[in-house]
Every structure is written in structure tokens, then in C-alpha cells.
Amino acid sequence: MTNQIHRTERDAGPRHWLALEGKVCVVSGAAGGIGSAIAQVLGEAGARLALLDRDEDKCRALARKLNTSGIEALALACDIGDIDSVRGAVQGVESAYGAADVLVNNAGLLRPGGIEEIGLDAWNAMLRVNLTGYMLCSQQFGHGMLKRGTGALVHVASVAAHHPQTYSGAYSPGKAGVAMLSKQLAAEWGPRGIRSNTVCPGMIRTPLSAAFYEHGDIERRRSAMTASRRIGEPNDIADVVAFLASARAAYVNGAEIVVDGGLESMLMDLVPRPGFEATQAAQTTPVTR
Ligand SMILES: NC(=O)c1ccc[n+]([C@@H]2O[C@H](COP(=O)([O-])OP(=O)(O)OC[C@H]3O[C@@H](n4cnc5c(N)ncnc54)[C@H](O)[C@@H]3O)[C@@H](O)[C@H]2O)c1
């Protein structure tokens with residue numbers, strides 16, 4: 001009975017099941033592969049978008065494209081590692097729309113570099129964007145959310161938060177930091193009406209990773225390492241981000257969702273185990289341990 005009432009209320013409510021119509025959603029790194037998919041999915045659900053990126057031209061082009069399809073979107077040049085730039089973006093959003101309802105921290109960079117030889121500048125440059133930038137945007141957009149006692153933060157980390165991604169400078173330490181930052185924000189701000197959650201993508205085809213797929217049969221070998229046997233697309237991440245941003249995830253706080261086609265579940269599959277190969281599945285003899 002309770003369930004029935006709940007369904008009826010929901011059906012009579014917003015047009016889109018995510019109930020994001022009119023919500024002010026800020027997306028950092030919006031001009032990139034995953035960021036633009038997130039913007040598109042949130043926009044299609046009726047959100048009013050603020051697109052932040054340090055690549056102003058690409059950001060404006062995306063806003064124009066979204067506007068053409070009837071989505072309200074504002075492009076703002078912003079370097080998320082610079083507090084004045086982030087404050088400027090907050091002002092831009094608030095004067096156009098009012099305080100943000102949702103912040104998606106997504107901007108990021110990846111550069112090669114082993115620990116043995118990495119310079120302090122290169123180390124700091126990555127952390128400045130991939131970790132400090134996430135804190136600065138959370139803090140500065142969070143002020144308005146805290147004042148109103150409502151808001152959702154979604155942080156795009158990586159499976160590299162759980163597994164060392166070698167020879168990639170501060171990438172893994174930074175992503176692990178994001179996962180913990182998110183939990184800290186949930187614990188500090190949860191009692192004040194703010195949710196903070198993390199999405200950990202696996203291998204997704206975007207400009208950030210495009211160079212990998214130019215090499216030989218990398219795509220086939222990478223796909224074989226996932227349970228779903230494919231490389232992820234930006235929309236695979238965008239749909240999960242939109243769910244976490246929405247009221248449908250109202251009781252999800254301090255959580256991490258891994259979106260990797262089962263990559264993280266494949267470790268034991270990499271271990272040679274004679275007699276336990278895939279062909280065993282076709283055999284009828286029961287396996288006893
Ligand atoms: N592509 C993957 O396989 C993958 C896997 C795991 C996690 N991720 C994460 O997903 C997020 C998006 O990655 P992507 O693959 O779409 O990359 P991308 O390179 O396509 O997009 C990243 C965007 O961030 C912007 N950006 C970089 N530094 C910035 C700064 N200081 N201020 C503002 N904007 C800045 C770039 O201009 C770019 O538009 C990143 O955090 C990345 O670490 C990606």
C-alpha cells in the first residue's frame with residue numbers, strides 16, 4: 001500500500017524520473033569527453049547548466065550546441081585550481097541562476113611520470129587540479145548550498161583511487177584523495193542537508209585516453225580485461241553521475257560507485273589456474289573445493 005502511494009506521487013510529479021528540472025547544475029571540465037556527456041544528460045533531464053572549463057572556446061561551443069537543442073547552458077572560463085577563478089565562477093553562476101543545487105567535480109588531467117624522477121612542479125601541478133581543485137569547487141559552491149541546507153556533490157575519481165596507476169605521477173594518490181575528500185564532505189555537511197558521492201570510472205574512451213587506442217590492438221586487449229568485454233563510453237559515467245546528483249539518490253551519501261564494466265572484479269581472472277579455464281564451464285563434472 002505504502003509502495004503504491006509512493007509510486008502514484010512520483011508518477012504525478014516531475015516529467016523526468018530524475019526530478020532535476022530547473023535545478024542549477026555546475027559541471028567542471030565540461031568541455032571534455034565525460035564532462036560534456038554529463039552536461040548533455042543533466043540538460044536532457046531539464047537542469048540549468050553552468051559549464052566550467054579552462055578551455056573557454058570548447059566550453060562556449062558546447063553551450064551553443066546545448067542551447068540549440070533547447071537546453072539552458074552557460075559557459076564559464078574557470079581554472080579550478082585557482083581560488084579567485086573559482087570564486088569568479090561562483091559569482092557568474094549565482095548572478096545568472098542563483099545558488100547551485102548540484103556540483104559535479106569532473107575536470108582532471110593525466111600526465112606520465114614515474115616516482116623516481118618526477119619533479120615537484122609536475123607532482124604539484126597534477127594535485128592542484130585533480131585534488132585541490134575538487135576541494136576549492138566544493139568549498140566555494142558549497143557555501144550557497146550550506147546556506148540553503150540542500151545540495152549534491154558528485155566527484156569523478158577513477159578506479160585509480162583503488163589501484164596504483166604506475167608511472168602516472170600523482171594521478172592515483174590524487175584520485176584516492178578525492179574519494180576520501182568526498183567522504184569527509186559527506187560527514188561534515190551531511191547533517192546540514194548536503195550529499196557527497198564519488199563515481200570511479202574504469203577505462204572510458206575520451207580525449208584524455210584517446211592516444212592509448214591509437215596503439216595496435218590495445219582496444220581488444222583492454223576490452224578483454226573487463227567483465228563486460230568493452231571499453232566504456234562517456235554516457236556510461238554520465239548516467240550514474242545524474243542519478244547521484246538527483247533526488248532519486250536522496251539516501252546515498254559518502255558512497256563510491258565503480259563504473260568499470262567489471263574491470264575491478266577481474267584480478268583472479270589474470271591468475272593462471274590450470275584446470276579452471278573458461279572451457280571448464282562447459283564440463284558437467286561438478287567442481288568440489
Ligand atoms: N577517460 C578515462 O578513461 C577516465 C578514467 C577514469 C577517470 N577519468 C576521470 O574523468 C574526468 C574527466 O576525464 P575525461 O576523460 O573526460 O578527460 P578530458 O581530457 O576529455 O576532459 C577533461 C577536461 O578538464 C578540463 N580541465 C583540465 N584542467 C582544468 C582546470 N585546471 N580547470 C578547469 N578545467 C580543466 C580540460 O580542459 C578538459 O576539458 C577526469 O577527472 C579523469 O581523471 C577518466
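Both ligands and their constituent atoms are indexed starting at 1 by order of listing. Positions are given from 1, in the same order as the sequence printed here. Quick caveat, the model's predicted, so the values are computed rather than measured.
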- request: Using a strict 4.0 Å cut-off to heavy atoms of A31, name the atoms of ligand 1 that fall inside it.
  value: 39 (O)

- request: Verify side-chain contact (heavy atoms from CB on, under 4.5 Å) between L153 and I194, making sure each step is shown before the conclusion.
  value: CA-CA 8 Å; L153 309 170; I194 317 293; 4.1 Å; yes

- line: Closest to atom 19 (O) of ligand 1 (heavy atoms only, candidates D260, L208, N106, D53) is L208

H163 and S172 side chains, donor-acceptor separation under 3.5 Å: no

- line: Tested for side chain to side chain contact (heavy atoms under 4.5 Å, CB included) against V41, the lone hit among V241, N235, I237 is N235

- prompt: Any luck finding a side-chain donor-acceptor pair between S138 and N105 under 3.5 Å?
  reply: yes

message: Quick test: of every protein heavy atom, which one is nearest to atom 22 (C) of ligand 1, and how far off is it to 0.1 Å?
response: G108 O, 3.7 Å

- prompt: Of the backbone atoms (N, CA, C, O) and the side-chain heavy atoms from C-beta on, which set of T206 has a member under 4.0 Å from an atom of ligand 1: side chain, backbone, both, or neither?
  reply: side chain

- prompt: Just going by heavy-atom distances, which of S158, S36, G202 is nearest to atom 4 (C) of ligand 1?
  reply: G202

- prompt: atom 20 (O) of ligand 1: which protein heavy atom is closest, and how many Å away?
  reply: G33 N, 2.9 Å

- line: Note: ligand 1 atoms sitting under 4.0 Å from heavy atoms of I34 are 10 (O), 16 (O), 44 (C)

field: Side chains of W123 and P173 in contact at under 4.5 Å (non-hydrogen atoms)
entry: yes

task: Report yes or no: does a heavy atom of Y134 sit under 4.0 Å from some atom of ligand 1?
output: yes

- prompt: Can you list the ligand 1 atoms lying under 4.0 Å from a non-hydrogen atom of I204?
  reply: 1 (N), 2 (C), 3 (O)

- prompt: Can you check whether S246's main-chain N or O pairs, donor with acceptor, with R195's side chain at less than 3.5 Å?
  reply: yes

- request: Using distance alone, decide if ligand 1 has a nitrogen or oxygen within less than 3.5 Å of any nitrogen or oxygen in G32.
  value: yes

statement: Atoms of ligand 1 under 4.0 Å from any heavy atom of D79, numbered from 1 in the order shown, are 30 (C), 31 (N), 32 (N)

query: Any idea which part of A157 is under 4.0 Å from ligand 1, heavy-atom wise: side chain, backbone, both or neither?
result: backbone

query: Which of the atoms of ligand 1 are close to C78, meaning less than 4.0 Å from one of its heavy atoms?
result: 32 (N), 33 (C)

message: What I want to know is whether M203 and ligand 1 share at least one N or O pair that is separated by under 3.5 angstrom.
response: no

- request: Could you tell me whether R60 and D57 have a side-chain N and a carboxylate O separated by less than 4.0 Å?
  value: no

- prompt: If you measure from each non-hydrogen atom of K175 to ligand 1, which part falls under 4.0 Å: side chain, backbone, both or neither?
  reply: side chain

query: Which atoms from ligand 1 have a heavy atom of V156 less than 4.0 Å away?
result: 9 (C), 10 (O), 11 (C), 41 (O)

- request: Please check if the side chain of E56 supplies one atom and the backbone of D53 the other of a donor-acceptor pair under 3.5 Å.
  value: no

- request: For atom 32 (N) of ligand 1, find the nearest protein heavy atom and state the residue, atom name and distance (0.1 Å precision).
  value: I80 N, 3.0 Å

statement: shortest atom 43 (O) of ligand 1-to-protein heavy-atom contact is with Y171 OH, 2.7 Å

message: For V27, is there any backbone N or O sitting under 3.5 Å from a side-chain donor or acceptor partner on N106?
response: no

query: How close does the nearest protein non-hydrogen atom get to atom 34 (N) of ligand 1, and which residue and atom is it?
result: R54 N, 3.3 Å

field: Proximal ligand 1 atoms for G29, defined as those under 4.0 Å from one of its heavy atoms
entry: 23 (C), 24 (O), 25 (C)

- prompt: Counting each atom of ligand 1 from 1 as listed, which ones have a heavy atom of A107 under 4.0 Å away?
  reply: 24 (O), 26 (N), 34 (N), 35 (C), 41 (O)

task: May I ask you to check if R205 and Y213 form a cation-pi contact, with NZ or CZ under 6.0 angstrom from the six-membered ring centre and within 45° of the axis?
output: yes

Worked verdict on D236 versus R230 for salt bridge (charged side-chain N to carboxylate O under 4.0 Å, His left out): CA-CA 12 Å; D236 291 318; R230 70 172 175 90; 2.9 Å; yes

query: Can you name the residues that form a side-chain hydrogen bond (donor to acceptor under 3.5 Å, both in side chains) with Q165, not counting sequence neighbours?
result: none

Side-chain donor-acceptor contacts of residues 95-102 below 3.5 Å, not counting sequence neighbours, with atom names and distances?
| from | atom 1 | to | atom 2 | distance (Å) |
| --- | --- | --- | --- | --- |
| S95 | OG | Q91 | O | 3.0 |
| S95 | OG | G92 | O | 3.4 |
| Y97 | OH | L49 | O | 2.8 |
| D101 | OD1 | R148 | NH2 | 3.1 |
| D101 | OD2 | V24 | N | 2.8 |

